[in-house]
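All values below were derived from every heavy atom in this structure, side-chain atoms included, with hydrogens, water molecules and symmetry-related copies excluded.
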Amino acid sequence: MLADVNKNQLRFLMLCMIWGSTWIGTKAGIEAVPPLLFAGTRFTAAGILLLLYTLAKEETASFKVQDGFRFAVVSILMITLCYGPLFWGMQYIDSGTAAVLEMSLTPIALLVFALLLNEETLDGRRILAIALGVCGLVVLFWPAAANGSLPAAEAFPGARLWGGLAVASAAFTYGYGSVMARPLLRTYPALLVSGVTTLVGGIVLLIAALAFEPGAVAALSGDWGTVAWLGWFFLVIFGSLIGYTTFMRLLRDIGASRAGSYAFVSPVIAVALGAAVFGEQITAMDVIGIVVMLSGAYLAMSGVPATDATVLEREPEPKRPHEDLDNDPKCQIRAIMKQNQQCRGRLR
């Protein structure tokens, strides 16, 4: 059975499991810590750890100056301009609407930008997979969106509209950044790209939080409580170090639109955890939405290439005996002279 599941499919399943459970850590953290500060510290810490691990494994590559701008843009798009508006907008719209907007738009944005930047080609199978996933998300989350209420303490004129636009924009900045990251992943190891983007994006997010977010400076004292700290560590280790790096590898190997179909499986994991941990009820409509979403994800991921790691991430192949001598010009000249002598001997 496992022989039929290739490396990228296993990575995809692991990513869905991890990112489907990160909502527990996020919920535990933002109830005690300002959201932007919580996210900024998380990504900054993860970036530092990833780069240290990269140096320890010697998975580095010669940095090209012309790639510096792309690294900066990818970092800001995927981290700063994704999580900043996302957390801000979620204060003003209910969780069901936020889930429908962000999760359904992410795969669509990934496909659109992949097509615009000539990273992928369009086919009916991919369109059908995304359509199924979006329909499943609507079925699963729309009841919560329809019955949700706007937090009165946070409301201002147009708050629901601006909050929804902010959440939607997060999906498109993440999608654009992901597609722009793929050329970097063909040049640099995935660990290095993950480390740089999380560190740079996290620092910018942290600066923005300290400058504009109420209560962020006071929260630097670290008096968050045990539950919030446990959630923070869970997000750093699993959500960022493992999950984000896994997504980068999938992005490199199978493309943005296929990798983005995690958005159709992670909600299923979240619903299952909610039922198991918090005793939440699963309705018949939930089951229908889950089946439709999983069908879309299966359609997107079936037949993905089992791409091996790039040359940068492979172990160097052992040299053949005398390989260095074979490439030595002096040795090559001697070999040619020896062949000429043998030919003259045969002619005589």
What are the two closest heavy atoms between P183 and E119, and how far apart are they? CG-OE2, 3.8 Å
Indicate, with yes or no, if L184 and L117 share a hydrophobic cluster defined by side-chain heavy-atom contacts under 4.5 Å among Ile, Leu, Val, Met, Phe, Trp and Tyr. yes
Does some side-chain heavy atom of L137 sit less than 4.5 Å from a side-chain heavy atom of P267? yes
With the side chain counted from C-beta on, respond yes when Y188 and K64 share a heavy-atom pair under 4.5 Å apart, and no when they do not. yes
Side chain R182, main chain A256, donor-acceptor under 3.5 Å: no
side-chain contact (heavy atoms from CB on, under 4.5 Å) for L250 and F12? Distances and angles first, verdict last. CA-CA 7 Å; L250 286 171; F12 179 79; 4.3 Å; yes
Are F63 and L55 connected in a single hydrophobic cluster, I mean Ile/Leu/Val/Met/Phe/Trp/Tyr linked by side-chain heavy atoms less than 4.5 Å apart? no
Can any side-chain N or O of E213 pair as donor or acceptor with the backbone N or O of L37 at less than 3.5 Å? yes
Is the W224 ring parallel, tilted or perpendicular to the W229 ring (thresholds 30°, 60°)? parallel
Nearest 0.5 Å, please: how far is CG in L49 from OG1 in T198? 9.0 Å
Are V291 and S295 packed together at the side-chain level, in the sense that at least one heavy-atom pair is separated by less than 4.5 angstrom? yes
Do V217 and I30 belong together in a cluster built from hydrophobic side chains that touch within less than 4.5 Å? yes
Value for CH2 (W232) from CD1 (I237), rounded to nearest 0.5 Å, stands at 8.0 Å
Please step through side-chain contact (heavy atoms from CB on, under 4.5 Å) for the pair F238 and T22, ending with a clear verdict. CA-CA 8 Å; F238 291 95; T22 51; 5.6 Å; no
With rounding to the nearest 0.5 angstrom, report the CG to CD1 distance, L111 to I130. 4.5 Å
Gap between atom CG of L241 and atom CG of L50 - 0.5 Å precision: 4.0 Å
Considering only heavy atoms from C-beta outward, does the side chain of S261 approach that of P107 to under 4.5 Å? no
Look up atom OG1 in T80 and atom CZ in F43, then write down how far apart they are to the nearest 0.5 Å. 9.5 Å
If every non-hydrogen atom of S221 is compared with every non-hydrogen atom of A218, which pair is closest and at what distance? OG-O, 3.1 Å
Closest heavy-atom pair, L251 versus A259, reported as atoms and distance to 0.1 Å, is N-CB, 4.1 Å
Is any side-chain heavy atom of V112 less than 4.5 Å from a side-chain heavy atom of F172? no
Heavy-atom pair of closest approach, residues V33 and A228: CG2-CB, 4.4 Å
Are L36 and V204 connected in the hydrophobic side-chain network, where two residues link if heavy atoms are under 4.5 Å apart? no
When you compare the side chain of V134 with that of M293, does any pair of heavy atoms fall below 4.5 Å? no
Side-chain ion pair, D253 and R11, N-O less than 4.0 Å: yes
Minimum heavy-atom separation for L235 to G25, with atom names? CD1-C, 3.8 Å
Should we count CZ of F87 as having more than 12 external heavy atoms under 6.0 Å? yes
For residues F38 and R42, determine if any side-chain heavy atom of one lies less than 4.5 Å from a side-chain heavy atom of the other. no
Geometric class of the Y262/F247 ring pair [parallel <30°, tilted 30-60°, perpendicular >60°]: perpendicular
Would V193 and R252 count as a side-chain contact (heavy atoms from CB on, under 4.5 Å) here? Give the steps. CA-CA 11 Å; V193 177; R252 176 196 66 200; over 6 Å; no
Would you give the length of the straight line joining atom CD1 of I203 to atom OG1 of T41, rounded to the nearest 0.5 angstrom? 12.0 Å
Where is the tightest heavy-atom contact between C16 and S266, given as atom of each residue plus distance? O-OG, 3.6 Å
Backbone N/O of L81 and side chain of T173: donor-acceptor pair under 3.5 Å: yes
Under 3.5 Å, is there a donor-acceptor pair between the side chain of T44 and the main chain of G202? yes
For the residue pair T197 / Y244, report whether a side-chain donor-acceptor contact shorter than 3.5 Å exists. yes
Considering only heavy atoms from C-beta outward, does the side chain of L294 approach that of F264 to under 4.5 Å? no
Decide whether V179 and I79 are clustered together by the hydrophobic rule: side chain heavy atoms of Ile, Leu, Val, Met, Phe, Trp, Tyr closer than 4.5 Å, transitively. yes
